[in-house]
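Residue numbers begin at 1 in each chain, while the letters A, B, ... track the order of the sequences. In what follows, every heavy atom counts, from backbone to side chain, and hydrogens, waters and symmetry copies are set aside.
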Protein chains: 2
Amino acid sequence: MGAMTSTKDRILYASAELFRRKGYTGTGLKEVTTQAQAPFGSLYHHFPGGKEQLGEDVIRVSGAFFLQLFVFIADEAPDVVTAVQDFFRGAGETLVATDYEDACPIAVIALEVASTNETLRVATADVFTSWLDEAATRFVAAGIPAARARELALSFLSALEGAFILCRALRSTEPMAAAGAAAASEVRAALTTVA
Amino acid sequence: MGAMTSTKDRILYASAELFRRKGYTGTGLKEVTTQAQAPFGSLYHHFPGGKEQLGEDVIRVSGAFFLQLFVFIADEAPDVVTAVQDFFRGAGETLVATDYEDACPIAVIALEVASTNETLRVATADVFTSWLDEAATRFVAAGIPAARARELALSFLSALEGAFILCRALRSTEPMAAAGAAAASEVRAALTTVA
DNA sequence: GTCTATAGGAGGATAGAC
DNA sequence: GTCTATCCTCCTATAGAC
């Protein structure tokens with residue numbers, strides 16, 4: 001059976017992959033429709049707002065998907081420290097498996113548009129906020145005070161995002177391993193302080 | 001006394017600012033020469049390799065400048081923990097002072113070119129490596145074993161880079177504060193283990 | 001070595017046939 | 001709603017006058 005995905009979904013998926021790999025400004029819409037095996041006109045039929053709407057949809061959809069991934073890993077793990085470790089380890093494995101192309105789905109766009117496109121900047125901020133809230137909720141559930149949980153979520157996500165940059169540039173997972181170990185031990189320390 | 005900077009330096013400086021703000025692919029060379037108040041032809045006179053050579057020069061020059069900034073702050077600080085704290089605090093202050101535009105000088109380019117331009121990717125890797133080596137050297141000088149110092153440098157820089165992303169997207173220095181506190185306490189723990 | 005003009009192609013966006 | 005042809009702008013790069 002051929003791909004049963006709709007034209008709109010194929011465009012969205014192709015855009016997500018290209019934006020992640022080459023950036024928002026570095027990706028052409030012709031390129032998107034070619035890779036999605038869709039006629040050029042379909043893009044403007046499904047995304048009347050053009051490139052900006054496509055960018056915003058990619059940010060929000062990718063953000064929701066990544067959030068679900070975190071939820072899944074956290075649910076599977078026996079405790080939050082293990083969850084953090086698993087997440088960093090999984091990120092490193094994905095980097096190697098995809099030849100250092102699949103990192104954060106929105107980091108490049110976030111940096112590119114932060115000072116140039118308010119609509120897209122807000123979209124990335126919303127997605128980061130949803131991730132931070134989810135992580136903080138998990139830390140609170142583990143018994144960490146809310147303020148401390150928020151701090152942990154912020155430094156956890158900072159470490160992850162920064163490690164993605166270094167790993168892609170250095171073509172090595174060493175930064176991810178170091179950042180993951182640091183994040184895990186920080187969470188562990190926060191837990192023992194509580195207990 | 002007008003600006004005594006050479007045409008080449010003005011082009012380099014304008015490029016650095018624009019690349020940092022709008023990305024490498026998002027910046028046009030017309031824009032660069034306009035902002036540098038230089039005729040378009042001058043760009044190709046001083047940078048025969050075109051945009052790629054300009055990008056590489058910006059990466060390496062900005063990288064060396066940022067390294068000197070780190071050296072300066074570390075030399076002024078009484079100890080490495082304070083140095084790390086000062087660095088994160090200074091980064092946060094710069095973000096606010098520049099309306100969240102002045103973050104890492106090469107992070108956007110690094111993400112944009114990691115999978116698309118090997119010459120520029122190597123340049124960003126060289127710069128990151130120089131920063132990591134400098135940080136690790138400082139940690140070793142403070143009495144931390146080399147392997148641990150390397151790990152600390154990696155998680156320190158990951159935290160810093162990731163915090164830049166979150167701060168720019170959220171338009172808040174909260175991530176920088178949280179990442180800085182975590183990095184400082186990690187270094188402090190490494191020191192007390194030694195002592 | 002400074003600067004202008006332009007080539008040649010790719011960019012986003014649209015009109016309109018089917 | 002699918003798809004093609006085209007518009008106009010902007011891009012990088014170069015040629016060549018001065």
Enquirer: Rounded to the nearest Å, what distance is computed from the OH atom of residue Tyr24(B) to the C1' atom of nucleotide dT12(D)?
Expert: 10 Å
Enquirer: Can you tell me how far P of dA10(C) sits from NZ of Lys22(A), to the nearest Å?
Expert: 12 Å
Enquirer: Please report whether the ring centroid of Trp131(A) lies less than 6.0 Å from that of Phe70(A).
Expert: no
Enquirer: Just the rounded figure in Å: distance from P of dC7(D) to NZ of Lys30(A).
Expert: 13 Å
Enquirer: At 4.0 Å (heavy atoms only), tell me whether Thr27(A) reaches a base, stays on the sugar-phosphate, or touches nothing.
Expert: sugar-phosphate
Enquirer: Below 4.5 Å, heavy atoms only, C-beta onward: do Ile165(B) and Leu111(A) meet side chain to side chain?
Expert: yes
Enquirer: If you check every side-chain atom of Phe40(A), which of dA5(D), dT2(D), dC3(C) has the closest atom?
Expert: dA5(D)
Enquirer: For DNA chain C, whose closest nucleotide is more 5', that of Thr7(B) or that of Pro48(A)?
Expert: Thr7(B)
Enquirer: How about Thr7(B) and Ser42(B): does a side-chain donor come under 3.5 Å of a side-chain acceptor?
Expert: no
Enquirer: Just checking, is any N or O donor in the side chain of Glu186(B) or Ser155(B) under 3.5 Å from an acceptor N or O on the other one?
Expert: yes
Enquirer: Between dG11(C) atom P and Lys51(A) atom NZ, what is the distance in whole Å?
Expert: 9 Å
Enquirer: Under 4.0 Å between a side-chain N or O of Tyr44(A) and OP1 or OP2 of dA13(C)?
Expert: yes
Enquirer: In whole angstroms, how far is the C1' atom of dA7(C) from the CG atom of Leu29(B)?
Expert: 16 Å
Enquirer: In whole angstrom, give the distance that lies between atom CD of Gln37(A) and atom P of dC3(D).
Expert: 12 Å
Enquirer: Could you state the atom-to-atom distance from CD1 of Ile11(B) to P of dC3(C) in whole Å?
Expert: 10 Å
Enquirer: Centroid-to-centroid, Phe156(A) to Phe88(A), below 6.0 Å?
Expert: yes
Enquirer: Just to confirm, is there a sub-4.0 Å distance from OP1 or OP2 of dT2(D) to any side-chain nitrogen or oxygen of His46(A)?
Expert: yes
Enquirer: Given atom CD of Gln53(A) and atom C1' of dA13(C), what is their separation to the nearest angstrom?
Expert: 14 Å
Enquirer: Name the nucleic acid region contacted by Gly41(A), choosing base, sugar-phosphate or nothing; use a 4.0 angstrom heavy-atom cut-off, strictly under.
Expert: base
